[in-house]
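The model shown is predicted, which means the values in this text are computed figures rather than measured ones.
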Amino acid sequence: MSEASMSDTIDVQQSAQIIAAMAQAVTARQDELSALDSTVGDGDHGHNIAKALRQAAQQVAALDDPTPEAVWRTAGKAVQNSVGGASGLLFGAFFTGAGRSLKETDRPAALDVAEMLAAGLAAVQKRGKAQPGDKTMVDALAPAAEAAQAAAGEGLSAAETVRRAADAAQIGAESTREMTARHGRAKFLGERARGYQDAGATSVAVMLAAWADLAKGAG
Amino acid sequence: MSEASMSDTIDVQQSAQIIAAMAQAVTARQDELSALDSTVGDGDHGHNIAKALRQAAQQVAALDDPTPEAVWRTAGKAVQNSVGGASGLLFGAFFTGAGRSLKETDRPAALDVAEMLAAGLAAVQKRGKAQPGDKTMVDALAPAAEAAQAAAGEGLSAAETVRRAADAAQIGAESTREMTARHGRAKFLGERARGYQDAGATSVAVMLAAWADLAKGAG
Amino acid sequence: MAVRTKKLINNPQNIVPEMLEGFAAAYPNIVRLTDDGLIVRRTPKPANKVALVIGNGSGHEPAMIGWVGPGLFDVNIPGDIFAAPGPGRILAGIKAAHPAAGVLLCVSHHAGDLMNAEAALEEAEDEGLENVEMVVLYDDISSAPKGREPERRGTAGLFFTWKMLGAFAETGADLAACKALAEKVRDNTRTLSMALTPCAHPITGEPMFELGDDEIEIGMGVHGEAGMYKGKMMSADETVARMLGPILEDLPFRAGDEVCVLLNNSGSLTLMELSILHRRVAQLLGESGIKIHRSWLGAYATTQEMSGFGLSLCRVDAQLKNLYDAPANGAWFKSVG
Amino acid sequence: MAVRTKKLINNPQNIVPEMLEGFAAAYPNIVRLTDDGLIVRRTPKPANKVALVIGNGSGHEPAMIGWVGPGLFDVNIPGDIFAAPGPGRILAGIKAAHPAAGVLLCVSHHAGDLMNAEAALEEAEDEGLENVEMVVLYDDISSAPKGREPERRGTAGLFFTWKMLGAFAETGADLAACKALAEKVRDNTRTLSMALTPCAHPITGEPMFELGDDEIEIGMGVHGEAGMYKGKMMSADETVARMLGPILEDLPFRAGDEVCVLLNNSGSLTLMELSILHRRVAQLLGESGIKIHRSWLGAYATTQEMSGFGLSLCRVDAQLKNLYDAPANGAWFKSVG
Ligand SMILES: Nc1ncnc2c1ncn2[C@@H]1O[C@H](COP(=O)(O)OP(=O)(O)O)[C@@H](O)[C@H]1O
Ligand SMILES: Nc1ncnc2c1ncn2[C@@H]1O[C@H](COP(=O)(O)OP(=O)(O)O)[C@@H](O)[C@H]1O
Ligand SMILES: [Mg+2]
Ligand SMILES: [Mg+2]
Ligand SMILES: [Mg+2]
Ligand SMILES: [Mg+2]
């Protein structure tokens, strides 16, 4: 891993590595993620997200002459079209949104991280209309974006910023256990969904943790 | 029950009573008969035969101005058309055949019994082509007819003749356990049918036992 | 073991009459339920054409109540669950079809169906009914060896005779020709079936046979009658390979032949699975140089909710292809040109 | 609990492509499978008629691959199992239908289907594609209360829109008229569904939801989404009464109305049970003074081998009756005049 990369900007090589690491992490926890989805949803989330991210990692690896923006946007398209469904569209929107924010490349990497999460979150909410508290991936993404913003503002490194975001996502994902759902298949369960952690939010936490582990190793 | 009837001839009232008693007996053992049919057949024999005989008893009861022959033939038609299937046709043929043998009415009742069983058996074999040893109702009916012939020949009473026939049928039914099937659904099982007692043969034994019990009470 | 013991019925004793009533109420433009429980065409066939009649145990729907209509059968005589109708009812069915240019009684070869049909024909003769013929249909290669075809039982492959004979009778062919056509289709048809899970008998609620969680059975009859092979679950492709080989050998089907293919869902198999199976069938037939004229995938004759399928092939010539493609309009079997 | 964990597949990852290949090989006279995995009509509709396009998660066969053909859809975009196709694939489907007199994209209302369709339409606009409209379809009264109909999800009752809109587009009606017709059918349709047993997800092999041995659930979605009532098993007649009441109240359907009835088998229910259920539906509608134009009983949109059914009513006028009775020739949905 290039040491330089993580310290200044989100570059091409690093972007591809992040996506590959995310793919590996969700694949390793695929069955657990599906199991989370099985009580309140249709039990396929782990399968969906693992397949989508593997597809994304592949297509990213196949790009020739890419920019960081192109890497993340390619991942977004791959996720959207490989599995489809609500989660394919929304996780795809997250990557695409995050990629768009990389147009401006003269920022320190920590600010890039914060911007990527904010833009990704905005894209997810634009499509999915979910608010924090609705028991969706937004409950992991929104606190992650907020934590990243704060960390970058405090002048922390990119690696530290991602770590803070990942930790916030983990707490956010766990908080969904106490919520009832207002989106996705779980919404029809009403109160019966309480007690189960949201699968999509958990995936977000797994993905950001993989990024943080990678950044730590690199930074 | 009329005491006179059993001692001389198979009359109308008694014929109807025999059929009603048979219906009651198979209905009481319906589930057991279905269970016998379930390993080697489709598990419905108890239901079939109980429904058929109840139908027969009803239609016989509704006859006005019947002869003994008409009673048994009516029962045969009822059995054939109420449940159908292989067993409906064959048990129906038995009753119809038995009824036909009652055309000649100047015999002692014991001879009537022997003739009825012989004629019923012949009708079953004409339609079903089964031989003794083929693991069917014939394995109860054939020894029953033989025993009745012998008993009547020895000059035993009608009641004793039916009892001998019933006992032979019971032994015959049990002997099917060691056979492989050459007819009905069980034939496709080959050797796998061994160890299970044939449902139709068991019904024959149950029906003749009911007749014997009735005859004993009356005679 | 996955047996569905729950059934959406009322009194188990009333299954058949209630089913017939509900069915006839759904398709009054196609069928009529007579007072004696027969399903007949709403618009009878003209009297100069041969009428097709069939009786069968119920519980195999869409067969045969759903196969009455233009291009198909004229009269169906539904029996009790899995029990052929008795001779009196068959005779009533034959009479309901009369007067047409004769009646062809189709019999799916099972002991009960055949014995009751024979008894009915004797009664018809006693009553002086003329122009009534019977044809016995069979297709299941697992139920008797090659050379003893007439001992075989009738299973899903009768589909081809139903369809082609139905179209042929509409052309005005006479009784002898109709019977010959039915035999021609039968003699060119071969079927092998398999099951993954049993079904429950709708009256007793008990499973009709037993299969382990990782077991399948090949060569099943349509009432769970035992087959020729009980073994471990295989992939779709392996299952097809295992079943197609014996079918091809039996007729035999040869390179250059043209066939119609049927993959019949015996109850709760999915069209997804049938399609995946058909993929392999088409590949293997292609490799054998056998051309597919048409394939149909669906539930045409079921054994309640048993999961499994029958694979049937029918060798066709120009005549049979034409008849196969002709329109049909039963409540549950429709063909559009 | 009766979940069939055995499925006749090969590699679970290849279910959809293998299914499409096997399906297309079975019905080459009706459909064609494109290189990018779309099911399109073998003979395209003339360019002066509106093309109908629909995407959906797979696993619901015969929907929607079996609904492509004359009188029905022009293009189906099959997604992964239970997952709507992504925007890129939907856009490809829209383009495959072009150029016709416009494209109407039908969306069964589920979060995934709607979000992906919206994204696809934005991409279509970005690319300057013209004459592309979308109509969102829903029918399930259990998923949102009266007054909030647009929040309801799409279930088996979409059958009516598929059939009638398909016939309408063949008449040469323009895009706006087609969209209005789809909305008219939708706004006159109401559905309630129930399940007896779950199904297994074909990829994970796990049951999609849980139900006790003596339990049923009313108001299920088409992927096992929770319903409004979970309770003890009831007789067929009681089940119908419990479901029909809320449906009639919702529209409301009134004495003097004429309706089409659909009893959709969600997988492994039998036609025997559907017929018994229909008997009671017909009785109760008769008592309410509501006339049945036509009833269809069958598996038109499934959730794998889930056992249960959907009861759908569509209020019809002369126009809708005509469209309903028009011929159609999809691989798995055929209507003969
Ligand atoms: N409208 C929405 N906004 C945000 N996230 C959503 C929304 N709908 C669903 N999700 C997320 O998607 C996850 C389910 O994903 P998955 O199981 O892969 O898709 P599907 O529901 O199509 O089977 C949920 O756990 C939730 O986090
Ligand atoms: N050809 C035959 N000859 C004599 N008895 C037969 C024949 N075929 C079947 N049976 C009898 O019928 C019985 C099965 O009856 P049942 O279960 O009521 O009919 P089905 O086999 O139609 O379900 C068998 O146990 C056997 O005794
Ligand atoms: Mg899911
Ligand atoms: Mg039986
Ligand atoms: Mg039976
Ligand atoms: Mg899903």
Side-chain angles (χ1 to χ4, degrees), chain C residues 2-10 15 18-23 25-27 29 58-59 61-62 66 196-197 202 213-214 216 233 235-237 239 261 267-280 282 294-299 302 304-305 307 309 327 329 332 334-337, chain D residues 2-10 15 18-23 25-27 29 58-59 61-62 66 196-197 202 213-214 216 233 235-237 239 261 267-280 282 292 294-299 302 304-305 307 309 327 329 332 334-336:
Chain C
V3 177
R4 171 161 71 90
T5 45
K6 301 168 176 173
K7 300 235 174 181
L8 275 174
I9 57 175
N10 298 303
I15 288 177
E18 290 186 359
M19 170 181 81
L20 295 178
E21 195 185 326
F23 169 73
Y27 300 98
N29 52 327
S58 293
E61 294 67 32
L196 293 171
T197 63
D213 268 350
D214 58 347
I216 58 164
M233 183 78 195
S235 73
D237 284 358
T239 307
V261 174
S268 63
L269 212 72
T270 58
L271 287 167
M272 177 190 89
E273 288 162 293
L274 286 186
S275 297
I276 291 173
L277 292 161
H278 182 264
R279 172 178 166 273
R280 191 69 188 138
R294 287 271 187 279
S295 296
W296 286 68
L297 321 183
T302 68
Q304 294 287 301
E305 77 285 3
S307 74
F309 73 99
N329 193 15
W332 286 328
K334 292 178 195 293
S335 176
V336 180
Chain D
V3 177
R4 170 161 72 90
T5 44
K6 300 170 180 174
K7 300 237 172 179
L8 276 174
I9 57 175
N10 298 303
I15 288 177
E18 290 186 358
M19 169 181 82
L20 296 179
E21 195 186 326
F23 169 73
Y27 300 98
N29 52 328
S58 293
E61 294 68 32
L196 293 171
T197 64
D213 269 350
D214 59 346
I216 58 163
M233 184 76 193
S235 74
D237 284 359
T239 306
V261 174
S268 63
L269 213 73
T270 57
L271 287 167
M272 175 190 93
E273 289 162 293
L274 286 186
S275 297
I276 291 174
L277 292 162
H278 183 263
R279 171 178 167 273
R280 191 68 188 139
I292 300 180
R294 287 271 187 279
S295 295
W296 287 70
L297 321 183
T302 68
Q304 294 287 302
E305 78 285 5
S307 75
F309 72 99
N329 193 15
W332 286 328
K334 293 178 194 296
S335 176
V336 181

Trainee: D:Leu20 versus chain C, heavy atoms under 4.5 Å apart: side chain, backbone, both or neither?
Mentor: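 Neither; nothing under 4.5 Å.
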Trainee: What is the minimum heavy-atom distance between D:Asp214 and C:Lys6, and which atoms define it?
Mentor: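 Between these two residues, the closest heavy atoms are N-CE, 3.9 Å.
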Trainee: Please flag which part of D:Asn29 lies under 4.5 Å from any non-hydrogen atom of chain C: side chain, backbone, both or neither.
Mentor: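 For D:Asn29, the side chain is the part near chain C, not the backbone.
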Trainee: Under the criterion side-chain contact (heavy atoms from CB on, under 4.5 Å), which of D:Lys7, D:Glu18, D:Glu21 is the partner of C:Ile276?
Mentor: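 Among D:Lys7, D:Glu18, D:Glu21, the one meeting side-chain contact (heavy atoms from CB on, under 4.5 Å) with C:Ile276 is D:Glu18.
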Trainee: Measure D:Ser58 against the heavy atoms of chain C and call it side chain, backbone, both or neither at under 4.5 Å.
Mentor: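 Neither part.
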Trainee: Please classify the contact of D:Leu274 with chain C as side chain, backbone, both or neither, using a heavy-atom distance under 4.5 Å.
Mentor: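 For D:Leu274, no heavy atom lies under 4.5 Å from chain C.
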Trainee: Which region of D:Trp296, side chain (C-beta onward) or backbone (N, CA, C, O), has a non-hydrogen atom less than 4.5 Å from a non-hydrogen atom of chain C, or is it both or neither?
Mentor: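 Answer is both: backbone and side chain atoms of D:Trp296 are under 4.5 Å from chain C.
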Trainee: Give, as side chain, backbone, both or neither, the part of D:Tyr27 having an atom under 4.5 angstrom from any heavy atom of chain C.
Mentor: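 The side chain, not the backbone.
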Trainee: Among D:Leu297, D:Thr270, D:Thr239, who wins on heavy-atom pairs under 4.5 Å with chain C?
Mentor: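 The candidate making the most pairs under 4.5 Å is D:Leu297.
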Trainee: Heavy-atom cut-off 4.5 Å, strictly under: side chain, backbone, both or neither for D:Leu277 against chain C?
Mentor: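 Side chain only.
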Trainee: Looking at D:Gln304, D:His278, D:Glu61, which makes the most heavy-atom pairs under 4.5 Å with chain C?
Mentor: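 Among the listed options, the one with the most contacts to chain C is D:His278.
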Trainee: What residues form a side-chain contact (heavy atoms from CB on, under 4.5 Å) with C:Thr302, not counting sequence neighbours?
Mentor: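 So C:Thr302 forms a side-chain contact (heavy atoms from CB on, under 4.5 Å) with C:Pro62, C:Ala299.
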Trainee: Counting only N and O atoms by type, is there a donor-acceptor contact under 3.5 Å from the side chain of C:Asn10 to the main-chain atoms of D:Asp237?
Mentor: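 Yes: the side chain of C:Asn10 pairs with the backbone of D:Asp237.
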Trainee: Taking side chain as everything from C-beta outward and backbone as N, CA, C, O, which of these in D:Ala25 sits under 4.5 Å from a heavy atom of chain C? Side chain, backbone, both or neither.
Mentor: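 Its backbone and side chain both get close to chain C.
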Trainee: Quick one: what part of C:Met272 sits under 4.5 Å from any heavy atom of chain D, side chain, backbone, both or neither?
Mentor: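 Contact with chain D: backbone and side chain both.
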Trainee: Nearest 0.5 Å please: distance from the CD atom of C:Glu273 over to the CD1 atom of D:Ile9.
Mentor: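 Interatomic distance, C:Glu273 CD to D:Ile9 CD1, rounded to 0.5 Å: 7.5 Å.
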Trainee: Quick one: does D:Lys334's side chain have a donor or acceptor within less than 3.5 Å of a partner on C:Lys334's backbone?
Mentor: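 No: the side chain of D:Lys334 does not pair with the backbone of C:Lys334.
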